[in-house]
Amino acid sequence: MPRILITSALPYINGVKHLGNLVGSMLPADVYARFQRARGQEVLYICATDEHGTPAELAARAAGQTAEEYCTEQYEVQKRAGEAFGLSFDHFGRSSNLPNHRLTQHFAAVLEEKGLIQERADKQVYSIDDQRFLPDRYVEGTCPECGHEKARGDQCDNCGRLLDPVELINPYSTISGSRNLETRETKHLYLLQSKMQDRIAEWVDDHPDWPLLTKSIAHKWLKEGLRDRAITRDLYWGIKVEKDGRPRSGFENKVFYVWFDAPIEYLGATEEWALASPDGNRDWRSWWRLDEGAEDVRYVQFMGKDNVAFHTVSFPCTILGTEEPWKTVDTLKSLNWLTWYGGKFSTSENRGIFMDQALELLPADTWRWHLMANAPESDDASFTLEHFASVVNKDLADVLGNFVNRITRFCAARFGEAVPEGGAFGEVEDRLIADLGQRIKAYTDALEAMEFRKAFVELRAIWVAGNEYLQVAAPWTKVKQDKDAAAASVRCALNLIVLYAALSRPVIPFTADKMFAVFGLDSEAASRWPENAEQALQTLQPGHEFTPAPVLFTKVEDDQLLEWREKFGAPRADK
RNA sequence: GGCGGGGUAGCUCAGUUGGUGAGAGCGCAGGAUUCAUAACCCUGAGGUCGGCGGUUCAAAUCUGCCCCCCGCUACCA
């Protein structure tokens, strides 16, 4: 049986992630991981914070902390937010941890041995007052083309012209505003990606099953021709540039570029997972080295569309360039953006809803369901509070929650708090089983294909099927003439709750566990993926006691919605 | 600017390789029901499939041009 390695794009350390970040990589990866575990697959789901780079240094400075302190604090915040959302990482690591340092040094050294790394000198803008080199986007000035006064160092937002920072008139640092800038020469290591062009093209062509969005982005980069890129930066916070275990001459004040070390943290975090093993039995290399047992691993990556090029071209250059037998990705799931009322979620402008704020409004499962059922798969998708409230009320409260409530309460009132005996399943149940059989297959296939919207349309239809069944079976009518027949219907419906819990657990794990708890079932054991609807409806035998659960989902009231709109500054509703 | 993705009912979105009268959920209207969170279930109204040409017996689907939204454009990550 193949093992499945799952990674979601590493969230940047710079603050709590918003709902767009969540649904772009971590949440779909979690749903997929949970689904595969339920099917009995051996899954390793790895994620980590991406901590290096200029923004982290600047954010730390703004907070009056060292980068180390800032990142440690933010790491804890993000880790807690992930746990609160039920993200079932097998390990949530840090790109600043030791394994990533070791691995990054290893990759750099081997790439250099293979002739793929070269020292080159560059001219860059240095800010004397900030005491640092400024990345292009941290320099602004007047555009030489159109006179726009806030042109960034790489491009003018007004006329669209691509710029070199040295072309800017009256350039200033966006960090301090200082105009005390000069151009200095600085050495950097370059990864000679141009030499990898054919190798990467061949590797990409070996994966014809990638989604369209993923393939077209990869092909676009290859078509333009891979360019050599600098993999070091003039920063303090990052992985030091070494040679033979010592600071590399001329690179004492430099670190590796965050985009070079961040993907390596996929491996690093796996090693962290192994190091954290209680019994020392975890072998991280068996997941990553083809010569140490990884032949049977299927590796799936989840990411937002902005990350695709780095995962289909840049990181493969690093990993394939070593000519060592590292595992490369088999399948990529790339998602588009979730928008805030059609505009951008923005961390810097504090626009939209962030993970910690979301949980102050409603429980994690409501967000998980809404985000996944409306995931931005084929195009950017719009998040609105109105839509969210409507989905919570209809799908979760009315369709699923009410189903559980209506049948458990009816049973308790007429038969007591145990699965009733008597009667037998008949034609109505046969039709239900046939319907469920088809839908469970469609649902399973869609999850397997990571087509989430499609999957959750099916899951919702499976919930609806329960309500339809009750409507036809009408035990509240039957109970008056034929109590045995009513008992059979109730038994069937109670079993549906358990079936629904198992099927729904990948997306709404907290609620699924509550549903199992109604019947005193152990979640882990009961959540095995149902292969057969008929068998699944025999799970609860007559006499099995239960405790009617409190309402699973409370509805969002209109005044709540208004309060939220106010709180988050929601634009005028689309509808 | 270049490249890529997308523009389908009031809203959010599905629509394999072009082929029976274009779909779902929400919202709306009507009906049925009363076990249930004024919930559930059934039925219905609603679309010149971004615009204008072209190919074809046949186009939401292929092609040309135009308009709009989004991403990338290698030093934001």
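Throughout, a chain's letter reflects where its sequence line sits, starting with A, and its residues are numbered from 1.
- Put simply, A:Lys394 has a side-chain N or O that comes within less than 4.0 Å of OP1 or OP2 on B:C40.
- As judged by a 4.0 angstrom heavy-atom cut-off over every strand, A:Lys555 is placed among the base-contacting residues.
- Contacts of A:Ala309 with the nucleic acid, taken as non-hydrogen atoms under 4.0 Å apart, are absent.
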| Pairs counted as Watson-Crick or G-U wobble with both distances under 3.5 Å: what dot-bracket string results for RNA chain B, using | for bases tied to another strand? | (((((((..((((.....[...)))).((((.........)))).....(((((..]....))))))))))))....

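- For the pair A:Lys17 and A:Tyr12, the cation does not sit on the ring face, since its NZ or CZ is not both under 6.0 Å from the ring centre and inside 45° of the axis.
- Take the nearest nucleotide of RNA chain B for A:Val399 and for A:Asn405: the residue whose nucleotide is more 5' is A:Asn405.
- Separating the NE2 atom of A:His370 from the C1' atom of B:U12 is a distance of 8 Å, rounded to the nearest angstrom.
- Nucleic acid contact for A:Asn402: base, since at least one base atom lies under 4.0 Å from a heavy atom of the residue.
- Distance CD (A:Glu557) to C1' (B:A39): 13 Å, rounded to an integer number of Å.
- Aromatic ring centroids of A:His370 and A:Phe456 lie 6.0 Å or more apart.
- In this structure, A:Asp398 reaches the sugar-phosphate backbone alone: every heavy-atom distance under 4.0 Å involves primed, P, OP1 or OP2 atoms, never a base.
- If you check every strand for non-hydrogen atoms under 4.0 Å, A:Phe403 touches nothing.
- Shown here are the side chain to side chain contact (heavy atoms under 4.5 Å, CB included) partners of A:Pro363, two or more places apart in sequence or in another chain: A:Thr366.
- A:Glu468 contributes no side-chain N or O that forms a donor-acceptor pair with the base of B:C42 under 3.5 Å.
- Counting any heavy atom pair closer than 4.0 Å across all strands shown, A:Leu552 reaches a base atom.
- The phosphate of B:A39 has neither OP1 nor OP2 within less than 4.0 Å of any side-chain N or O from A:Arg406.
- A:Trp337 comes within 4.0 angstrom of the backbone, heavy atoms only, and of no base.
- Per the geometry, CG belonging to A:Leu222 stands 16 Å off P belonging to B:A74, to the nearest Å.
- Across all strands, A:Val464 comes closer than 4.0 Å only to sugar-phosphate atoms, never to a base (heavy-atom distances).
- Once the 5.5 Å centre distance and the 30° plane angle are applied, the aromatic ring of A:Trp476 is found stacked with the base of B:C35.
- Phosphate proximity of B:A74 to A:Arg229: absent, as no side-chain N or O sits under 4.0 Å from OP1 or OP2.
- Close to B:A77, at under 4.0 Å from its OP1 or OP2, lies a side-chain N or O of A:Tyr257.
- Between the C1' atom of B:A74 and the CD atom of A:Glu224 lies a distance of 9 Å, rounded to the nearest Å.
- Of the N and O atoms on the side chains of A:Arg199 and A:Gln197, not one donor lies less than 3.5 Å from an acceptor on the other residue.
- Annotation: A:Phe345 is not in aromatic contact with A:Trp337 [ring centroid separation under 6.0 Å not met].
- There is a side-chain donor-acceptor pair under 3.5 Å between A:Ser504 and A:Trp463.
- Nucleotides B:C40 and B:C72 place their P atoms 41 Å apart, quoted to the nearest Å.
- Contact annotation for A:Lys344: backbone-only contact, meaning every heavy-atom pair under 4.0 Å involves sugar-phosphate atoms and none involves a base.
- Counting non-hydrogen atoms under 4.0 angstrom, A:Thr54 reaches the backbone sugars and phosphates but no base.
- Classified by its glycosidic torsion, B:G31 falls in the anti category, the angle being over 90° from 0.
- For the pair A:Val313 and A:Glu377, nearest-nucleotide mapping onto RNA chain B gives the more 5' position to A:Glu377.
- Looking at heavy-atom distances under 4.0 Å, A:Arg460 makes contact with sugar-phosphate atoms alone, never a base.
- Across all strands, A:Asp122 comes closer than 4.0 Å to base atoms (heavy-atom distances).
- Here A:Phe310 lies in heavy-atom contact (under 4.0 Å) with a base.
- For the C1' atoms, the distance from B:U48 to B:A29 is 25 Å, rounded to whole Å.
- Taking atom P on both nucleotides, B:G25 is separated from B:G44 by 12 Å, rounded to a whole Å.
- In this structure, the nucleotide among B:A77, B:G5, B:G27 sitting nearest to the side chain of A:Asp379 is B:G5.
- The closest donor-acceptor contact from the side chain of A:Asp50 to the backbone of A:Leu10 lies at 3.5 Å or more, if one exists at all.
- Ranking B:A77, B:C41, B:C75 by closeness to the A:Asn467 side chain, first place goes to B:C41.
- A:Ala381 comes within 4.0 angstrom of sugar-phosphate atoms only, judged by non-hydrogen atoms across all strands, and of no base.
- Atom P of B:G31 sits at a distance of 48 Å from the matching atom of B:C68, rounded to the whole Å.
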